[in-house]
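The model shown is predicted, which means the values in this text are computed figures rather than measured ones. Each chain gets a letter, A, B and so on, in the order the sequences are listed, and its residues count up from 1. Heavy atoms only: backbone and side chains are in, while hydrogens, waters and symmetry mates are out.
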Protein chains: 2
Amino acid sequence: MPNPPTIKEIAKRLNLAASTVSRALHNHPRIGLRTRMKVQELARELQYEPNQTAIFFQQKKTFTLGIVLPELSEAFFSAAISGIEDTANKSNYMVLLGQSHDDTTREQKIVEIMKNHRVDGLLVSLAKNTVNYAHFEMLRKYNIPVVFFDRIPNMPNIHYVASNMESGTIQAVSFLLQRGHRVIGMINGPEKLIASQQRTAGYQKAMQLQRLKYDASLNINADLTKEGTRNAMRQLLAHKRKITAIVAFNDYVSQDAVQYALEQGLEINKDITFVSYANLPLSSYMAFPPLASVEQYPYLQGQKATEILLELLSGKLSPDQYQQIVIDSRLVIAPAR
Amino acid sequence: MPNPPTIKEIAKRLNLAASTVSRALHNHPRIGLRTRMKVQELARELQYEPNQTAIFFQQKKTFTLGIVLPELSEAFFSAAISGIEDTANKSNYMVLLGQSHDDTTREQKIVEIMKNHRVDGLLVSLAKNTVNYAHFEMLRKYNIPVVFFDRIPNMPNIHYVASNMESGTIQAVSFLLQRGHRVIGMINGPEKLIASQQRTAGYQKAMQLQRLKYDASLNINADLTKEGTRNAMRQLLAHKRKITAIVAFNDYVSQDAVQYALEQGLEINKDITFVSYANLPLSSYMAFPPLASVEQYPYLQGQKATEILLELLSGKLSPDQYQQIVIDSRLVIAPAR
DNA sequence: TAAATTTGCGCAACCGTTTGTCCAATCATT
DNA sequence: AATGATTGGACAAACGGTTGCGCAAATTTA
């Protein structure tokens, strides 16, 4: 009811200067033990709480991190944000959220609002179609550091954390080869995507490791839609060589592919085996989960990205020491069930 | 590079008082048109942006809403937060996020930090085990309004939005009755949960509508763990009456139950049929998705809750006009596949 | 033409906290 | 005992913007 107690209030009651009270509360050595105790006691008694907005204003700092990402309903991002939040909280930072819903315009607007809210820094995973990065460049002028994660811009001089699909893909293909599969199809993503290129590279290298020939016609670029996946499957199943295993771009694609295979009368894990990349946490509930899955460590990515941002903010890292962390993906074999 | 322009800066250049500039920028009628124009032009030229932290401080308002919920990786909540965010953004509010991970201690800490960050209001869905509400009561002292959603406290005089499981349950059971099922099992949640009681009530009413007798021994309270579900299934399948359909507490429970049924050699949708409550967006990828599912409208709940909070903040709603919105759940029949 | 209004803007206080500087009193040094 | 060093605290400005009030000039009214 009465206004929340302020430092001035405490100062007045104790016949001290506000500055003294402030210092006393911060255990400043220049303040005598006796007054320090008196101040702290009264503060406790009055349930004094520093007014953060005043501090933010005064310090030009809000202890708030802005997060811009496409879509929380995607498991990858909801895991990533947990990593972000946990890490931020440890350093007493809060997390301001904005979903772009994969819309560049929304993304721009969110960045603008967050800038106005004076977030100390930004963690960003790009909207699918964002190709113009002006709204991020602009932040340099305001000295707001940005760390990108997972979906990173094609731009030099940025901080980012991303996962490299190559390592996981090598492992995935090797896993299949080891199990005797020789003709392995790949339902890949759009060709321009770095993630697709990495998958291709992984496929090639895995074959090379076994001194086997890489057959590009087994590697199909699809568009990640259900129809696109079905078309890719059609192609693959019609291939002159008999395909016994398929590496799918992600779990969604994998499921669509499985469905198609079932329709064609194939028996999963017998006639044809699937390996995928983990986007889903619920694979244990899926009808035919992939036999193995490439883990991309979303939590870890969020964590790393946040750590970098925090170091940037604390000055431990200078803004032009561009951090570009690549987290190797890794194959995880599904537990038998 | 030079510090961002301030009102004072503009005032100095134009030989005006800061107050005049401020009013000019706000189109205050007492400021002459000519000076108003001059000010606005220079502001544009200098790319003046009001310092929000200064405004927050001065106005004692942050245009920030705190969201406390258990777990974003649960589809229900990630949908809810979309509703929250979209609604908040429309009114130029930002959203500060905190996950309790279903831990009451974390929940308390988050609320504390958010209070210190001076959020204008809070949207809360309780951690599973929270039974003490002191950390929310405390907010009244600070005049921070709270609107609960979905997981609401058992406490009078609060604002909340929740869904009523009764209506959906009536529809679910009726759906099964209509399809000829006469002995319908229910795997319910913990007895104390309001949501469980609503399910029971719905079950009873649906039977009553058809002048059928409600058999309590068909309605099992389980604990939502996999093991609990399996025990419930054991009981149900051992029931003296032959159960042909089951209403499961949610999709997770449903899947565990399906798994058990399969192990027992039952054929899904023939020997036994499942109906559930939608927590998962991915039912289309599940092996045996429930035949129908009760929709709880998470997006809508988030939206409604936010609207109430915003009205509370704008004064359109007085804090003691307790809003208690119940959204009826509704059965959604799964598309054939 | 004098009085009453209106118009347009400046002054100053204020929001709560932090921090650089200055001053007085106390203490130690020689 | 005079000087210097240390201690403990006060003063005031600053962060950027808002707002109540006052006041002069311009305008209208009687």
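The phosphate of D/dG9 has OP1 or OP2 within less than 4.0 Å of a side-chain N or O from A/T35. Close to D/dT19, at under 4.0 Å from its OP1 or OP2, lies no side-chain N or O of B/S19. Between A/K60 and the phosphate of D/dG16, there is a side-chain N or O to OP1/OP2 separation shorter than 4.0 Å.
At least one side-chain heavy atom of A/P50 sits less than 4.5 Å from a side-chain heavy atom of A/I55. Taking 4.5 Å as the limit, some side-chain heavy atom of B/H117 sits within range of a side-chain heavy atom of A/F56. Contact check for B/K60 versus B/D120: no side-chain heavy atoms found under the 4.5 Å cut-off.
Following rounding to the nearest Å, A/N15 (CG) and D/dA10 (C1') show an atom-to-atom distance of 12 Å. Note: NZ (A/K8) to P (C/dC14) measures 8 Å, nearest angstrom. Note: CG (B/L33) to P (C/dG8) measures 9 Å, nearest angstrom. Going from atom CZ of B/R36 over to atom C1' of C/dC9 covers 13 Å, rounded to whole Å.
Set against D/dT18, C/dT18, C/dT19, the side chain of A/R23 has C/dT19 as its closest nucleotide. Closest contact between the side chain of A/H26 and the listed nucleotides C/dT18, D/dG17, D/dT19 involves C/dT18. If you check D/dG16, D/dT18, C/dT19 against the side chain of B/A54, the one that comes closest is D/dG16.
Judged by the 6.0 Å and 45° rule, A/K61 forms a cation-pi pair with A/F63.
Outside the 6.0 Å centre-distance limit, the rings of A/Y160 and A/Y322 are not counted as a close aromatic pair.
Residues B/F57 and B/R30 each lie close to DNA chain C; by heavy-atom proximity, the contact nearer the 5' end of the strand is made by B/R30. For the pair B/T20 and A/P29, nearest-nucleotide mapping onto DNA chain D gives the more 5' position to A/P29. Sequence order on DNA chain C of the closest nucleotides to B/Q58 and B/L16 puts B/L16 first from the 5' end.
Note on B/T6: only backbone sugar-phosphate atoms sit closer than 4.0 angstrom, heavy atoms only; bases stay farther off.
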